[in-house]
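Data block below; observations after.
Counting starts at 1 for both ligands and their atoms, following the listed order. From a predicted model like this one, the values you see are computed outputs, not experimental measurements. For the single chain, residues carry numbers from 1 onward in sequence order.
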Amino acid sequence: MPLTQHRTTLTQFLIEERRRYPHASGDFNSLILSVALACKSIARSVAFGALGGVLGNAGGAINVQGETQKKLDVLSNDVFLRFNEWGGHLAGMASEEMEDPYQIPDHYPKGKYLLVFDPLDGSSNIDVNVSVGSIFSVLRAPDSTRAATQQDFLQPGTEQVAAGYAVYGPTTMLVLTVGNGVNGFTLDPNLGEFILTHPALQIPPDTHEFAINASNSRFWEAPVKRYVDECLAGKTGPRDKDFNMRWIASMVAEAHRILMRGGVFLYPRDTKDTSKQGRLRLLYEANPIGFVMEQAGGRVSTGRQSVLEVRPSSLHQRIGLVFGSKNEVDRIERYHHEPQPVEMHNPLFNERSLFHAV
Ligand code: FBP
């Protein structure tokens with residue numbers, strides 16, 4: 001049976017959702033379809049790889065044999081801007097690739113939403129042909145009659161209207177939440193349509209799989225060390241079960257694995273750099289992935305509190321990030337709130353001391 005028979009397309013799904021809100025203008029659906037179109041275009045560029053005249057890895061345009069080629073993450077950013085600027089649904093956009101918010105050109109109407117995105121997450125994996133993806137978050141614009149300011153984007157994740165990601169792997173999938181569950185759509189390459197293949201996704205609350213970059217272990221804080229040590233101890237330790245470890249270094253791919261079969265992901269704040277903030281970005285990585293996780297019955301945390309409740313202080317703010325199966329995230333949070341080992345409170349080793357623990 002062809003994939004599309006008796007299957008719901010993304011367009012049909014959105015129209016049926018909208019019927020539940022008779023006063024909805026349809027702007028939101030148009031916006032999501034524009035985002036989906038951008039993802040299809042990026043999927044195509046990713047799939048063509050070196051044959052497509054674009055290059056992987058981070059950076060700007062480079063010169064190859066006299067020809068200027070754009071790197072894929074720069075190109076993906078352009079695709080997001082071009083596909084979403086004209087529709088009249090947005091008051092502005094912000095992205096990992098741009099220092100300041102993008103203003104909707106004057107010749108296009110402005111709208112009531114803000115779009116925030118990481119156009120190509122995990123882009124260092126492009127050169128080695130490993131899954132990458134795009135992450136997006138939709139917020140309400142405080143004022144749709146004027147250009148969006150930085151301040152307009154600084155909303156906690158609880159304010160997200162919709163969020164999701166596309167993963168460019170063996171198949172391209174779009175995963176979307178509009179705040180009432182999570183649905184997964186697979187791109188049918190023949191039809192060029194996303195088809196609902198994974199309705200009402202749910203993350204199992206328990207897992208025996210964790211993902212962390214263990215090369216950072218000397219920089220971890222005590223609760224993270226404790227959690228990982230207990231996982232590694234397996235059946236012979238306090239957890240009384242063996243764990244598997246995974247690390248793709250492409251957060252969107254890790255999030256997708258966790259959504260499909262459970263697991264926990266940690267990129268905690270650590271002492272690797274003096275700011276102790278974590279590596280991943282709050283507005284266009286942690287919040288959208290966190291919204292998806294929570295809508296699928298999982299959890300997202302900084303280690304200490306829900307990520308979604310953090311009030312952002314800047315557009316490109318970094319944050320410690322833990323997400324996935326609920327009971328594991330609860331446990332990691334609990335470890336952060338329990339009293340820390342004695343040496344952590346020794347004034348000789350506290351953060352301001354000459355001998356601070358690293
Ligand atoms: P970018 O923000 O530079 O795209 O990096 C994000 C990311 O690639 C995540 O997808 C991934 O989880 C993480 O960085 C990998 O970091 P590391 O190289 O430290 O393991």
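Without hydrogens or angle criteria, Asp73 side chain to Leu120 main chain gives no donor-acceptor distance under 3.5 Å.
Enclosure of atom CZ in Arg140 is not indicated, since only 12 or fewer non-hydrogen atoms of other residues, nucleotides or ligands lie within 6.0 angstrom.
The two residues Gln160 and Ser137 come nearest to each other via the heavy atoms OE1-OG, 3.0 Å. Across all non-hydrogen atoms, the minimal contact from Leu315 to Tyr284 is O-CE2, 3.7 Å.
By the side chain to side chain donor-acceptor pair (under 3.5 Å) test, Asn183 is found to be paired with no residue, residues two or more places apart in sequence or in another chain being considered.
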Could you go through ligand 1 and list every pair where one of its N or O atoms sits under 3.5 Å from a protein N or O, giving the atom names and the distance to one decimal?
residue, atom, partner, partner atom, Å
ligand 1, 2 (O), Glu96, OE2, 2.7
ligand 1, 2 (O), Glu285, OE2, 3.2
ligand 1, 5 (O), Arg279, NH2, 3.1
ligand 1, 10 (O), Asp121, OD1, 3.0
ligand 1, 10 (O), Asp121, OD2, 3.0
ligand 1, 10 (O), Met251, N, 2.6
ligand 1, 14 (O), Arg279, NE, 3.1
ligand 1, 14 (O), Arg279, NH2, 3.1
ligand 1, 16 (O), Arg279, NE, 3.0
ligand 1, 19 (O), Asn213, ND2, 3.4
ligand 1, 19 (O), Tyr267, OH, 2.5
ligand 1, 20 (O), Asn213, ND2, 2.9
ligand 1, 20 (O), Trp247, NE1, 3.0

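A centroid separation of 6.0 Å or more is found between the aromatic rings of Phe210 and Trp247.
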